[in-house]
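In what follows, a structure is listed as structure tokens, so that the remarks can point back to it.
Every heavy atom of this structure was used, including side-chain atoms; hydrogens, water molecules and symmetry mates were not. Everything numeric here is computed off the predicted structure, so don't read it as measured data.
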Amino acid sequence: MIMNRFVFLLGLWALTFSVASQEHTVMDEFIQGRFQQEKHLKGFSFPIQTEGTFAYLKEKGVLWQAQKPFVRSVTYLADQTLTWKPDGTLESAQKPDMMERRISEIIMALLSGNRSILEKQFTIEETKQENQWQLILQPSQIVVKKVLSEIHLSGRDFVQHIKVVSASGDQTIIKFDQLTHHDNLPGDYCAYFSSSPALPCAMSSH
């Protein structure tokens, strides 16, 4: 769970990062798109492939909706993880453990556009060639080294490809496309980002 949480939130942070300008792009209130993911596990000959959609709500969390090879929806909030049934009703809500909270604090700070947090947790190697860029991140903090070996990010204006190598040697590769940005939260996503999903959705969409 902690590895998935880190990969998903890191990917959404990376979508806001533009190496060409050397600054974080100010993220809109809501961003959504499609993803393709491959997990290469030690001892398995073929990767586990997943594809679907994601939605990120600023300063709140990310909804990850797998569509193939199976349907599964999970919302990763700062204080809990919500798993949803196929009909959109809540299946479970779990509080993160100490390490998950630590990782969440790091990633949510990144999602707010604070690169200095990243530089405190990783050593960063950066290369650029014309409009293409690549970052290689290696953890410098013990808490991150427990789950990660290194991270590769590459793209143009926004990240298009992420490779995460875990401490055990497993690899997760994610590709993003069909991104759309919005100033407000669409009403049909409201319940997915509520801290109290069992109650009527009353989150403001501004």
Side-chain angles (χ1 to χ4, degrees), residues 3-40 47-68 76 103-104 106-141 144-145 147-166 169-186 189:
M3 189 63 186
N4 288 340
R5 187 183 182 89
F6 193 95
V7 171
F8 297 160
L9 294 182
L10 175 73
L12 268 294
W13 166 76
L15 288 171
T16 75
F17 181 69
S18 171
V19 174
S21 65
Q22 296 299 306
E23 296 178 353
H24 284 289
T25 301
V26 177
M27 181 175 274
D28 295 322
E29 182 73 16
F30 184 80
I31 182 173
Q32 61 188 135
R34 295 196 60 82
F35 72 88
Q36 293 179 318
Q37 177 179 290
E38 291 185 356
K39 293 181 72 72
H40 298 261
I48 300 172
Q49 298 180 324
T50 308
E51 62 180 86
T53 63
F54 67 86
Y56 168 73
L57 180 62
K58 187 176 182 179
E59 298 181 353
K60 190 67 177 180
V62 58
L63 170 65
W64 201 258
Q65 295 182 299
Q67 297 171 336
K68 296 179 181 180
Y76 296 93
I103 295 296
S104 293
I106 295 171
I107 299 303
M108 294 309 289
L110 297 176
L111 287 168
S112 70
N114 189 346
R115 182 178 176 176
S116 64
I117 299 294
L118 182 67
E119 293 172 335
K120 291 179 180 179
Q121 303 295 332
F122 298 91
T123 59
I124 303 174
E125 177 184 337
E126 178 180 330
T127 59
K128 291 185 292 183
Q129 185 175 4
E130 296 181 351
N131 294 327
Q132 293 279 353
W133 56 265
Q134 177 176 283
L135 295 179
I136 300 176
L137 285 61
Q138 295 182 319
S140 56
Q141 300 295 318
V144 184
K145 287 182 178 180
V147 294
L148 290 175
S149 175
E150 61 182 18
I151 302 166
H152 296 246
L153 309 172
S154 61
R156 290 178 179 270
D157 292 334
F158 294 96
V159 72
Q160 297 169 313
H161 185 273
I162 299 174
K163 181 174 75 172
V164 179
V165 183
S166 73
D170 296 338
Q171 296 186 16
T172 300
I173 298 171
I174 306 177
K175 298 177 182 179
F176 295 101
D177 60 15
Q178 299 181 32
L179 303 180
T180 58
H181 303 253
H182 306 273
D183 292 333
N184 301 310
L185 173 67
Y189 282 93

Original post:
When rounded to the nearest 0.5 angstrom, what distance separates CG in Leu57 from CG in Leu63?
Top reply: 10.5 Å

**OP:** Answer whether the closest heavy-atom distance between the side chains of Phe176 and Ile162 falls below 4.5 Å.
**Re:** yes

Subject >> Student check: side-chain heavy atoms of Glu150 and Leu148 closer than 4.5 Å >> reply: no

Subject >> Heavy-atom check, side chain of Thr172 versus side chain of Gln37, under 4.5 Å >> reply: yes

Original post:
What distance separates Gln67 CD from Thr50 OG1, expressed to the nearest 0.5 Å?
Top reply: 11.0 Å

Original post:
Side-chain contact, heavy-atom cut-off 4.5 Å: Leu135 with Ile124?
Top reply: yes

**OP:** Check the angle between the aromatic planes of Tyr189 and Phe30 and answer parallel, tilted or perpendicular using the 30° and 60° thresholds.
**Re:** tilted

**OP:** Taking all non-hydrogen atoms of both residues into account, name the closest pair between Ser166 and Ser149 and its distance.
**Re:** O-CB, 3.5 Å

**OP:** Hey, can you tell me if Trp64 and Phe54 have their rings parallel, tilted or perpendicular (30° and 60° cut-offs)?
**Re:** parallel

Original post:
Going through the distances and angles, do Ile173 and His161 end up as a side chain to side chain contact (heavy atoms under 4.5 Å, CB included)?
Top reply: CA-CA 7 Å; Ile173 298 171; His161 185 273; 3.3 Å; yes

**OP:** With side chain to side chain contact (heavy atoms under 4.5 Å, CB included) as the test, would you mind laying out the steps for Thr123 and Glu125 before giving the verdict?
**Re:** CA-CA 7 Å; Thr123 59; Glu125 177 184 337; over 6 Å; no

Original post:
Atom CD in Glu51, atom CZ in Phe35: separation rounded to 0.5 Å?
Top reply: 8.0 Å

**OP:** Could you walk me through whether Ile151 and Phe122 pass side chain to side chain contact (heavy atoms under 4.5 Å, CB included), step by step?
**Re:** CA-CA 10 Å; Ile151 302 166; Phe122 298 91; 4.0 Å; yes

**OP:** Using a 4.5 Å cut-off on heavy atoms from C-beta on, say whether the side chain of Gln171 contacts that of Lys163.
**Re:** yes

Original post:
When you check the side-chain N and O atoms of Arg34 and Gln65, is any donor under 3.5 Å from an acceptor?
Top reply: no

**OP:** Could you grab the distance from atom CD of Gln178 to atom CD of Gln32, nearest 0.5 Å is fine?
**Re:** 10.5 Å

